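See structure below.
Just so you know, these numbers come straight off a predicted model, no measurement behind them. What's counted below: heavy atoms across the whole structure, side chains too, no hydrogens, waters or symmetry copies. Below, chain A is the first sequence line, B the second, and so on; all start at residue 1.
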Amino acid sequence: MKTQVPAYLEVLNPEQREAVFHTGKPLLILAGAGSGKTRVITTKIAWLIREKDADPHSILAVTFTNKAAREMAERARQIDERAGDVMLRTFHSFGAWFLRRYGNLGGLDPGFVIYDDDDSAALLATIMEGKPRTEVRAISHKIARAKDFFLSPDDPELDLIDHRDSFRTIYAKYEKRLNEIGNVDFGDLIKMPVRILREGGEAIRRFKERFKMILVDEYQDTNIAQSELLKELVCPGSYLCVVGDDDQSIYRFRGAEVKNILSFSDNFGGADIIRLERNYRSTSLILKTADSVVNHNVGRLGKTLVSEREKGKQPVLTFLSDQDNETRFCAELILESMKHSGNLYSNWALVYRTNAQSLGFETEFLRRRIPYRVVGSLKFYEREEVKDILALLSFLVNPRDEVAFRRVANKPSRGLGPSALSRITEQGGDLALAAEKLAPDLSKKAQTGVKAFLKAIEAGRAALSGDSMPVSSAWLRAGVGLSGCVVALATESGIAEYHLSHDEITGNQRLGNIQEVANAASLYPAGPEGLLNFLEHIELDRSIEDSDDSGGDKVTLITLHNTKGLEFRRVIITGIEQGIFPRDDKEGADLEEERRLFYVGATRAMDELYLTSCAYRRMYGRTMQMQPSIFLKEIDQNLLRITGKKPGGYGPVPERKKSGTSSDGRWAIGDRVYNDDHGYGYVSEIREDEDGPIIRVSFETGHQLRFLSEHQSSNFQKIREERHG
DNA sequence: TAGTTTTAAGTTTTT
DNA sequence: CTTAAAACTA
């Protein structure tokens with residue numbers, strides 16, 4: 001009798017196999033980039049079902065993005081069909097699922113709607129009435145952060161986020177209002193389940209027995225609240241396996257704690273650790289390039305990632321004069337490669353730090369007829385008209401939703417001014433009822449406005465329950481499912497007609513966008529449950545690439561953050577300039593995160609890696625002089641092939657001379673300086689370069705400016721230091 | 001008060 | 001160069 005290893009296990013290397021077969025104690029898999037961690041997780045799921053007779057329903061797998069979840073489910077199913085019954089979700093999507101079932105134990109109505117960051121800020125604005133928008137946003141951000149760290153308004157540690165009492169008060173008010181409305185924000189999707197799981201009860205006790213095996217991907221990007229959630233889900237007898245790579249932690253700004261990896265063993269009672277250090281994706285020169293940058297980080301576990309592939313082509317670093325040349329260079333690079341037979345556009349990824357950078361590439365690619373797709377940044381669901389329709393839908397689900405009500409009650413204008421709106425929302429509860437009750441007390445104009453709004457809501461409700469005839473207007477088509485409801489709301493509210501007339505003048509496609517929402521809604525069954533699912537799907541997963549983006553041979557335009565978990569044969573990382581990547585306000589731990597971001601981006605490349613850096617770049621409509629990114633200097637020069645004109649700020653030696661006075665005798669550190677554009681400041685740094693001394697001035701406004709002593713000294717007047725008494 | 005014009009301000013990264 | 005807030009007019 002043969003003890004043959006099944007094919008799906010045979011493809012694994014010894015470490016991967018060890019990770020798959022591991023049972024018992026909690027397991028931490030430290031998996032470097034391209035070391036096959038997805039394969040390990042999917043195989044492990046299948047193995048648990050096949051060889052360990054695990055019930056698929058007792059397995060929970062958590063990923064970082066919905067896309068990753070879909071991919072993982074697909075790959076696991078390919079090994080074993082039964083893997084389709086595994087619960088495979090993001091943390092947030094799991095939280096939403098949990099709250100729909102058990103939220104009532106925490107006083108939450110199951111018909112809640114999820115607020116995105118904009119909605120949260122809008123609610124906060126009603127609490128912080130009169131405060132400038134930026135301040136409201138800042139507080140809103142801090143509240144989100146507090147929830148990431150699992151901090152309540154009364155937690156002493158809240159001081160770490162904002163020590164002011166006023167912050168506590170506002171946070172508490174915000175929580176109270178959100179609770180009254182009966183909706184949740186992103187943070188609540190994690191925080192509330194933890195609370196409910198802790199408070200227990202019979203139903204919870206039974207629920208806790210469900211998941212015997214829990215697997216977590218991208219563990220380095222989990223936050224404190226998510227770690228707490230895991231602690232509640234893991235109970236005696238259940239098995240926990242997490243996979244992560246400290247070098248790929250890039251969501252610190254969102255509350256991610258790399259420390260979760262370091263303290264994993266302490267948190268979960270003595271864990272085993274398995275390292276996956278063989279990289280199958282990138283050629284060794286690419287890997288070395290990526291590694292040489294992240295190696296400059298101090299706070300890292302450190303690992304030796306070895307390429308299983310050949311040396312490969314040298315990564316190419318190209319210096320360009322400006323961003324127009326950058327877009328041209330990239331376009332030509334891609335087109336050139338297409339001359340060779342068998343090449344595909346989809347082998348290429350064009351990567352940048354900020355979404356705004358995609359624009360230039362898009363116009364150039366359109367002009368040159370290079371097919372492309374932009375990942376993320378599709379701000380479709382953030383457009384005004386789309387959010388309006390979604391607000392109307394949300395209001396149908398939850399008529400207590402003050403944010404939705406304020407957004408659409410007077411849209412298009414129907415005489416409901418701020419005062420009337422406030423009087424209605426002050427009533428609380430069902431705002432449709434409140435409006436109806438209060439109407440007689442309002443001005444004549446406002447009364448008709450209320451009537452018009454309620455009529456639209458009524459039409460929406462009718463369409464939702466299927467009591468009405470299928471709606472169809474001259475401007476919008478209603479098909480099946482929920483689309484009738486969308487069309488009913490859009491036409492009856494007057495929003496459709498409003499945009500119809502405006503689109504004709506402005507040439508916008510707003511009505512078309514509303515039709516898109518209707519189309520998307522047609523995939524969901526009419527009725528309250530379908531509507532809830534539709535709204536939840538939009539809030540939690542805004543990638544709408546399933547529709548028409550997946551097919552076709554296209555170049556991928558994508559931010560560095562979004563590349564996580566993906567791989568491409570050829571990658572161009574663009575805009576590697578000081579101020580862009582990294583941003584110049586980054587230092588310490590934040591700078592280290594930027595380095596990891598470079599590491600993530602570079603390790604996406606399988607065969608070829610290109611890096612570009614511009615000497616000038618247009619920002620805010622102004623052309624700015626740029627310095628090459630510090631990261632470029634951190635790469636071992638021997639690894640790269642460098643083309644284009646090397647700028648002065650780029651030299652083979654990372655260390656550069658710094659001195660107290662400039663060699664031309666014009667400037668000294670500490671000199672007080674006046675500049676017409678930025679006011680007063682002082683000389684904070686002097687560097688000697690090929691083109692002469694470079695002076696850095698820090699202004700009182702916080703701005704910093706660098707200039708060449710030889711050419712631009714006349715713009716900076718030296719002020720004699722005046723000392724008082 | 002609704003809709004326009006003028007002015008200022010501002011850009012990470014995302015579930 | 002875009003977008004949001006403030007100021008302004010009908």
Side-chain angles (χ1 to χ4, degrees), chain A residues 62-69 89-96 114-118 120 125 131-137 141 144-145 147-148 184-191 218 221-223 225-226 249-256 323 351-360 363 375-379 381-384 410-421 443 445-446 449 498 502 505 536-543 558-565 575 579-586 590 593-594 596-598 600-601 617-624 701 703:
Chain A
V62 185
T63 61
F64 194 68
T65 63
N66 293 286
K67 194 174 172 204
R89 290 169 180 266
T90 65
F91 268 110
H92 289 89
S93 141
F94 173 78
I114 301 163
Y115 275 177
D116 66 13
D117 293 347
D118 279 343
S120 300
K131 287 285 189 325
R133 204 189 160 85
T134 46
E135 196 178 328
V136 173
R137 277 236 95 100
H141 193 244
R145 178 58 55 85
K147 292 190 177 185
D148 287 340
V184 299
D185 62 19
F186 268 108
D188 289 337
L189 292 177
I190 313 296
K191 200 166 164 266
E218 309 280 14
D221 280 322
T222 54
N223 59 34
Q226 288 163 340
S249 168
I250 54 176
Y251 285 95
R252 209 181 96 94
F253 69 92
R254 213 176 77 188
Q323 60 192 354
V351 185
Y352 36 77
R353 178 65 234 272
T354 64
N355 281 306
Q357 285 165 261
S358 75
L359 221 88
T363 37
V375 175
S377 104
L378 262 189
K379 296 187 206 130
Y381 289 109
E382 282 163 34
R383 292 179 195 191
E384 190 189 351
N410 192 35
K411 222 173 227 187
S413 308
R414 41 171 90 96
L416 283 168
S419 64
L421 286 181
S443 70
K445 228 172 165 185
Y498 175 86
H502 277 67
I505 302 161
E536 181 172 318
H537 182 261
I538 286 171
E539 284 307 332
L540 296 180
D541 184 7
R542 297 197 161 176
S543 61
I558 191 168
T559 62
L560 282 156
H561 280 87
N562 269 323
T563 62
K564 187 153 90 159
I580 300 258
F581 185 32
R583 277 175 71 96
D584 43 11
D585 55 352
K586 297 280 180 184
D590 288 335
E593 175 143 309
E594 297 278 301
R596 294 193 290 268
L597 200 49
F598 181 90
V600 168
R617 180 173 293 275
R618 273 192 310 279
M619 289 171 92
Y620 321 116
R622 213 171 278 277
T623 303
M624 309 271 283
T701 57
H703 274 92

(message) Measuring to OP1 and OP2 of B:dT1, would you say a side-chain N or O of A:Asn410 lies under 4.0 angstrom away?
(response) no
(message) From the set B:dT14, B:dT15, B:dT12, return the single nucleotide nearest to any side-chain atom of A:Tyr251.
(response) B:dT14
(message) Can you measure A:Arg137 atom CZ to B:dA9 atom C1' for me and round it to whole angstrom units?
(response) 15 Å
(request) Before accepting this row, confirm whether a basic side-chain N of the pair A:Glu594/A:Arg353 lies closer than 4.0 Å to the acidic partner's carboxylate O. (result) yes
(message) Categorize A:Phe581 for me: base, sugar-phosphate, or nothing, with a 4.0 angstrom heavy-atom threshold over every strand shown.
(response) nothing
(request) Would you confirm whether A:Thr222, through its side chain, and A:Glu218, through its main-chain N or O, come within 3.5 Å as a donor-acceptor pair? (result) no
(request) For A:Glu539 and B:dT14, give me the distance from atom CD to atom P, rounded to whole Å. (result) 16 Å
(request) Find out whether A:Glu539 and A:Tyr381 are in side-chain contact, i.e. whether some heavy atom of one side chain is under 4.5 Å from a heavy atom of the other. (result) no
(message) Salt bridge check, A:Asp148 against A:Arg254: does any charged N sit closer than 4.0 Å to a carboxylate O?
(response) no
(request) May I ask you to evaluate whether A:Asn562 reaches the phosphate of B:dT14, defined as a side-chain N or O under 4.0 Å from OP1 or OP2? (result) yes
(request) Using whole Å, report how far CZ of A:Arg622 lies from P of B:dA9. (result) 14 Å
(request) Would you indicate, yes or no, if B:dT13 has its OP1 or OP2 atom less than 4.0 angstrom from a side-chain nitrogen or oxygen of A:Asn355? (result) yes
(message) Under a 3.5 Å distance rule, please check whether A:Glu536 uses its side chain to pair with a backbone N or O of A:Ala96 as donor and acceptor.
(response) no
(request) Map A:His141 and A:Thr134 onto DNA chain B by nearest heavy atom, then report which one ends up closer to the 5' terminus. (result) A:Thr134
(request) Could you check A:Leu416 against A:Ile250 and say which one's nearest nucleotide on DNA chain B is further toward the 5' end? (result) A:Leu416
(request) Look at all strands and tell whether A:Asp117 reaches a base, only sugar-phosphate, or nothing, counting heavy atoms closer than 4.0 Å. (result) base
(message) Test your reading of the model: is there a side-chain donor-acceptor pair from A:Tyr352 to the backbone of A:Ile558, 3.5 Å cut-off?
(response) yes
(request) Report yes if at least one side-chain N or O of A:Thr559 is closer than 4.0 Å to OP1 or OP2 of B:dT14; otherwise report no. (result) yes
(request) Report the distance from atom NZ of A:Lys411 to atom P of B:dG3, rounded to the nearest whole Å. (result) 12 Å
(request) Send over the distance from A:Phe64 CZ to B:dT15 C1', rounded to a whole Å. (result) 7 Å
(message) What is the distance, to the nearest angstrom, from the CG atom on A:Leu560 to the P atom on B:dT13?
(response) 11 Å
(message) Treating A:Gln226 as the side-chain partner and A:Asn223 as the backbone partner, does any N or O pair qualify as donor plus acceptor under 3.5 Å?
(response) yes
(message) Between A:Ile114 and A:Leu189, does the side-chain contact (heavy atoms from CB on, under 4.5 Å) criterion hold? Intermediate values first, please.
(response) CA-CA 9 Å; A:Ile114 301 163; A:Leu189 292 177; 4.2 Å; yes
(message) If I take atom NE2 in residue A:His561 and atom C1' in nucleotide B:dT13, what distance separates them, rounded to the nearest angstrom?
(response) 4 Å
(message) For DNA chain B, please output the secondary structure as dot-bracket, reading 5' to 3'. Pairs are Watson-Crick or G-U wobble, both atom distances under 3.5 Å; mark crossing pairs with [ ], other-strand partners with |, unpaired with a dot.
(response) ||||||||||.....
(request) Return the nearest nucleotide to the side chain of A:Ser413; candidates are B:dT13, B:dT15, B:dA2. (result) B:dA2
(request) Report the distance from atom CD of A:Glu382 to atom P of B:dT15, rounded to the nearest whole Å. (result) 11 Å
(request) May I ask whether A:Phe186 stacks on the base of B:dT15, given the cut-offs of 5.5 Å between ring centres and 30° between planes? (result) yes
